[in-house]
There are 2 protein chains.
Amino acid sequence: MFSKACEYGIKAAIFIATKSYEDKRVSPKEIAEKINSPQAFTAKILQSLVRNDIVSSVKGAYGGFEIQKDRISQVKLAQIVKAIDGDSIYIGCGLGLEKCDENHPCPAHDKFKIVRDELQNMLENTTLEELALNIKSGSAFLKT
Amino acid sequence: MFSKACEYGIKAAIFIATKSYEDKRVSPKEIAEKINSPQAFTAKILQSLVRNDIVSSVKGAYGGFEIQKDRISQVKLAQIVKAIDGDSIYIGCGLGLEKCDENHPCPAHDKFKIVRDELQNMLENTTLEELALNIKSGSAFLKT
DNA sequence: TATAAATAGGATAAATTTATCCGAAATAAA
DNA sequence: TTTATTTCGGATAAATTTATCCTATTTATA
Ligand code: FES
Ligand code: FES
């Protein structure tokens, strides 16, 4: 469904959010440990989350990654996916035609559209906040 | 969503079905032209469709790929996807946890599950027949 | 039986994604 | 101001996916 990069990005953002509730910044090292991902690769993905204003970073000693507390409920899963995987999942054709076009549809267009619209809807209506709360409450996990 | 190989496989199967209605066998060359795919790679994918009993092949002169007419309505999109991409799309975790497990869910499990189940449902209830008919009727396309 | 036509399949190459490494730049604290 | 710490970003490598090439095998027909 999503690329590895995107999976790491989502999980990293969720972990950063849980820590930000406690006013703590986190390093790529700690993030990679907690979400079970390769550290250097994760650091790269964090950079693109920063460039896309999904998380913020503070350089230097005592720095790290964080998310402003009042932003956690504003960030949608869709933003993270779009930042990392682009929007092909939304506008691309399920069978690989140049683009998904009602006027020149692939044979599975109507079927795909329903599923894809639901996916898009889900991503746009799911906030980092609710995902992070699932972690904080102990009812969901970021690894294994 | 699907791999390139899977997209090609689905489109190839649809094209073979349309030709099989006219009792015609088709070559990888013709298939690749009609679905706009690399020929040799498409030939490889056709081999796995044959191994998975989705299409049948006839070697030698006047041979080619075909689907028994009465099987076209039996073949589900799900079989093709499973043959080529495996079942990770059905049983895998959307955030990349080892496996999707109600008892050890990722923070997005409940949200993903809804979309994934709908995708699975769609794939299992969509037949090659209806897709091929969309092509025959001219209301859908396999390339550009 | 010989020939031509067609799929099967192994070996290899190109492209993309995933992953690692290392030095540069920034920053807080001593 | 110096030092230690930390993110940034470019270069590179490994792994996977996508794509190509060539030969073997099969089969219908002449
Ligand atoms: S044209 Fe293929 S999904 Fe819309
Ligand atoms: S555990 Fe992640 S989708 Fe089910």
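Only a predicted model underlies this, so the values are computations on that prediction, with no experimental measurement involved. By convention in this document, chain letters (A, B, ...) are assigned in the order of the sequence lines, proteins followed by strands, and residues within each chain are numbered from 1.
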Would you please confirm or rule out a distance under 4.0 Å between OP1 or OP2 of [N] and any side-chain N or O of [X]?
X        : N       : result
Ser57(B) : dA6(C)  : no
Tyr8(A)  : dA19(C) : yes
Gln47(A) : dC8(D)  : no
Arg51(A) : dG9(D)  : yes

In whole angstrom, give the distance that lies between atom [atom1] of [X] and atom [atom2] of [N].
X        : N       : atom1 : atom2 : value
Leu46(A) : dT18(C) : CG    : P     : 16 Å
Ile16(A) : dT6(D)  : CD1   : P     : 15 Å
Asn36(A) : dA19(C) : CG    : P     : 11 Å
Phe65(A) : dT5(D)  : CZ    : P     : 18 Å
Lys44(A) : dA14(D) : NZ    : C1'   : 15 Å
Leu49(A) : dG9(D)  : CG    : P     : 14 Å
Lys59(A) : dG23(C) : NZ    : P     : 18 Å
Ile45(B) : dA19(D) : CD1   : P     : 8 Å

Nearest to side-chain heavy atoms of [X], which nucleotide of [options]:
X        : options                   : value
Tyr62(A) : dC8(D), dA28(C), dA11(D)  : dA28(C)
Pro38(A) : dT26(D), dA19(C), dT18(D) : dA19(C)
Lys4(B)  : dT18(D), dA11(D), dT26(D) : dT18(D)

*Applying salt bridge (charged side-chain N to carboxylate O under 4.0 Å, His left out), name anything that partners Asp23(A), two or more places apart in sequence or on another chain.*
Lys69(A)
_Applying side chain to side chain donor-acceptor pair (under 3.5 Å) to Ser73(B) and Thr127(B), what does each step give before you reach the verdict?_
CA-CA 6 Å; Ser73(B) 62; Thr127(B) 66; over 6 Å; no
*Ion pair present between Arg25(B) and Glu66(B), side-chain N to carboxylate O less than 4.0 angstrom?*
yes
*Glu98(A) with Lys143(B): basic N within carboxylate O range, under 4.0 Å*: no
*Toward the 5' end of DNA chain D, which comes first, Ala61(A) or Val50(A), by nearest nucleotide?*
Ala61(A)
Contact class for [X] (heavy atom, under 4.0 Å): base, sugar-phosphate, or nothing?
X        : result
Val26(B) : sugar-phosphate
Arg25(A) : nothing
Phe41(B) : base

*DNA chain C: Phe2(A) or Gly60(A), which has the more 5' nearest nucleotide?*
Phe2(A)
*asked:* Quick one, Lys19(B) with Glu30(B), criterion salt bridge (Lys or Arg N to Asp or Glu O under 4.0 Å). Give me CA distance, side-chain angles, the key distance, then yes/no.
replied: CA-CA 11 Å; Lys19(B) 286 296 189 176; Glu30(B) 184 181 2; 3.8 Å; yes
